[in-house]
Amino acid sequence: MPNNPSLKTTRLLLRPFQLSDAPNVQRLAGAKEVAAGTFLPHPYEVGMAEQWIADQERAHEGGTAVSFAITLTDDATFIGSIGLDIVQSHRHARLSYWLGLPYWNQGYATEAVRAVLRYGFLQLNLHRIYSPHFQGNAASGRVLQKVGMTYEGRMREHYVRFGRFVDLELYGMLQREFTDRT
Ligand SMILES: CC(C)(COP(=O)(O)OP(=O)(O)OC[C@H]1O[C@@H](n2cnc3c(N)ncnc32)[C@H](O)[C@@H]1OP(=O)(O)O)[C@@H](O)C(=O)NCCC(=O)NCCS
């Protein structure tokens, strides 16, 4: 896989994670509201972010993942995370993302997702990118709709989160659909 690059958008710089991001990851990912839409550990304890960043570096070297710290171009503030978990043999990847609570509802996730779809389809030559969200996470569904992904259906009670079975809403996009749009 190519070196983990940085991606620029109008307001964001998506860059590789650094160990120095760990305290900010812990602080922002530690909010229950952020954890509720994801499989982030909760509570998010000291040392977990350092471990996760090291795991991401290894996964990138092994070609199974690419992840980006989402930062504001203006002042380099760290605001969240976005990444692809890749299965090379199928040329597909699962997209996942989260933003710190103070940064919600300003269009940042949509902007970051657009950049990562572009990178995944045009640079990594992926055939398909998909993204599931927990049923009830309307904001995430809206992001995936805004970037033009197709709703593919519901996986009923697919996971356990916080002790309860949760449905997954699945969205996907094919490479040819991305290129047709752009
Ligand atoms: C999901 C998440 C990444 C969205 O980030 P964001 O930067 O706020 O997203 P955007 O601002 O780009 O778009 C959010 C859209 O959802 C809409 N929205 C927000 N809350 C909503 C709600 N409760 N019901 C319906 N729509 C909602 C917003 O109005 C906006 O749509 P619009 O542009 O048409 O008005 C963010 O809420 C988050 O990090 N949540 C916790 C982690 C998570 O759930 N990650 C996704 C896992 S699949």
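If you read the sequence from its start, that first residue is 1, and numbering goes on from there. When a ligand or atom number is given, it counts from 1 through the structure's own listing order.
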Output for pair (Arg181 CZ, Arg176 CZ), nearest 0.5 Å, gives 15.0 Å

Ranking Arg142, Glu169, Gln106, Lys146 by closest non-hydrogen atom to atom 13 (O) of ligand 1, top hit is Lys146

With Asp21 as partner, the option from Arg15, Gln26, Glu50 fulfilling side-chain contact (heavy atoms from CB on, under 4.5 Å) is Arg15

Checking heavy-atom distances from atom 21 (C) of ligand 1 to each of Ala139, Ala36, Pro132, the winner is Ala139

for atom 39 (O) of ligand 1, nearest protein heavy atom and its distance come out as Leu99 N, 2.8 Å

So is Ser96 in contact with ligand 1, going by heavy-atom distances below 4.0 Å?
no

Looking at Tyr108, Phe39, Trp98, Trp104, the heavy atom closest to atom 40 (N) of ligand 1 belongs to Trp104

Looking only at protein heavy atoms, what sits closest to atom 47 (C) of ligand 1 is Gly37 O, 3.3 Å

Under 4.0 Å from one or more heavy atoms of Thr38, ligand 1 contributes atoms 42 (C), 43 (C), 45 (N)

Here the gap from Leu124 atom CG to Ile129 atom CD1, rounded to the nearest 0.5 Å, amounts to 7.5 Å

Only residue of His133, Arg154, His158, Met155 satisfying side-chain contact (heavy atoms from CB on, under 4.5 Å) with Asp167 is Arg154

Note to self: Closer than 4.0 Å and a protein heavy atom, does any atom meet both conditions relative to atom 35 (O) of ligand 1?
What the structure shows: no

One should read off an interatomic distance between Thr73 OG1 and Leu14 CG, to the nearest 0.5 angstrom, of 8.5 Å

If we number the atoms of ligand 1 from 1 as shown, the ones under 4.0 Å from a heavy atom of Val34 are 41 (C), 42 (C)

Interatomic distance, CD@Gln56 vs CD1@Ile53, rounded to 0.5 Å, equals 9.0 Å

To atom 19 (C) of ligand 1, the nearest of Val143, Asn105, Thr110 on a heavy-atom basis is Asn105

Here the gap from His127 atom NE2 to Phe178 atom CZ, rounded to the nearest 0.5 Å, amounts to 15.0 Å

Do Phe39 and Phe134 have their ring centres less than 6.0 Å from each other? yes

Plane angle bin for Phe17 and Trp52 - parallel if under 30°, tilted between 30 and 60°, otherwise perpendicular: perpendicular

among protein heavy atoms, the one nearest atom 44 (O) of ligand 1 is Asn137 ND2, 2.6 Å

If we number the atoms of ligand 1 from 1 as shown, the ones under 4.0 Å from a heavy atom of Ala138 are 22 (C), 24 (N), 25 (C)

re atom 11 (O) of ligand 1, the protein heavy-atom contact at minimum distance is Gly107 N, 2.7 Å

among protein heavy atoms, the one nearest atom 4 (C) of ligand 1 is Ala109 CB, 3.8 Å

Here the atoms of ligand 1 under 4.0 Å from any heavy atom belonging to His133 are 48 (S)

Within 4.0 Å of some non-hydrogen atom of Tyr97, the atoms of ligand 1 are 3 (C), 43 (C), 45 (N), 46 (C), 47 (C)

Take Leu117 and Met173 through the test side-chain contact (heavy atoms from CB on, under 4.5 Å) and record every step on the way to the result.
CA-CA 9 Å; Leu117 289 179; Met173 184 181 271; 4.2 Å; yes

